[in-house]
Trainee: 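If you scroll down you'll find the structure; I have some questions about it.
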Amino acid sequence: MDNTPEEQESKSLPDKAAETYQWWDNLATIHAEDPFLVGAAKIGLRLFGVIVLLALSPVILLGLLIAFITVL
């Protein structure tokens, strides 16, 4: 993520989301050279990410439903 501010402003929302996901995935990937505690922390990060996504999914689905009802 060594982008200049001009490059960051020109990115679309899906590009920013993909970049953020890649950052999170790289952060939580377990490598062979990681000590046990680092590996355990990375597993915890993965579980935290899954919990956050599960918690957000009903809110997002409700928002989409409200948007479609509003448009109709």
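Here, residue 1 is the first one in the sequence, and each next residue gets the next number. Small disclaimer: the values here were computed from a predicted structure and weren't measured.
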Trainee: Restricting to side chain to side chain contact (heavy atoms under 4.5 Å, CB included), what partner residues turn up for F48, sequence neighbours left out?
Mentor: W24, V52
Trainee: Would you sort out whether I51 and R46 count as a side chain to side chain contact (heavy atoms under 4.5 Å, CB included), showing the intermediate values?
Mentor: CA-CA 9 Å; I51 290 169; R46 289 269 183 194; over 6 Å; no
Trainee: Taking the hydrophobic residues Ile, Leu, Val, Met, Phe, Trp and Tyr, and joining any pair whose side-chain heavy atoms are under 4.5 Å apart, which ones share a cluster with L47?
Mentor: I30, I43
Trainee: Rounded to the nearest 0.5 Å, what's the gap from CG on L27 to CD on Q22? Could you check?
Mentor: 13.5 Å
Trainee: Donor-acceptor pairs are to be reported for all side-chain atoms of residues 55-71 against protein atoms at under 3.5 Å, with residues two or more places apart or in another chain.
Mentor:
residue, atom, partner, partner atom, Å
S57, OG, L54, O, 3.0
T70, OG1, I66, O, 2.6

Trainee: Could I get the full list of side chain to side chain contact (heavy atoms under 4.5 Å, CB included) partners for A17, not counting sequence neighbours?
Mentor: none
Trainee: According to the salt bridge (charged side-chain N to carboxylate O under 4.0 Å, His left out) rule, which pairs have a member within residues 56-69, sequence neighbours left out?
Mentor: none
Trainee: Scan for salt bridge (charged side-chain N to carboxylate O under 4.0 Å, His left out) pairs involving residues 62-72, sequence neighbours excluded, and state none if there are none.
Mentor: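 Sorted result for residues 62-72: empty, none.
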Trainee: Taking salt bridge (charged side-chain N to carboxylate O under 4.0 Å, His left out) as the cut-off, I'd like each qualifying pair that reaches into residues 62-72, sequence neighbours left out, listed once.
Mentor: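 Output for this query is empty, none listed.
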Trainee: Among residues two or more places apart or on two chains, list those pairs meeting side chain to side chain donor-acceptor pair (under 3.5 Å) that have a residue in residues 33-45.
Mentor: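 As it turns out, the side chain to side chain donor-acceptor pair (under 3.5 Å) pairs with a partner in residues 33-45, which skip direct neighbours, are D34-K42.
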Trainee: Could you note down all residue pairs passing salt bridge (charged side-chain N to carboxylate O under 4.0 Å, His left out) where residues 48-72 supplies at least one of them, sequence neighbours left out?
Mentor: none
Trainee: May I ask you to check whether D15 and S12 show a side-chain donor-acceptor distance below 3.5 Å?
Mentor: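 Distance-only check passes for D15 and S12.
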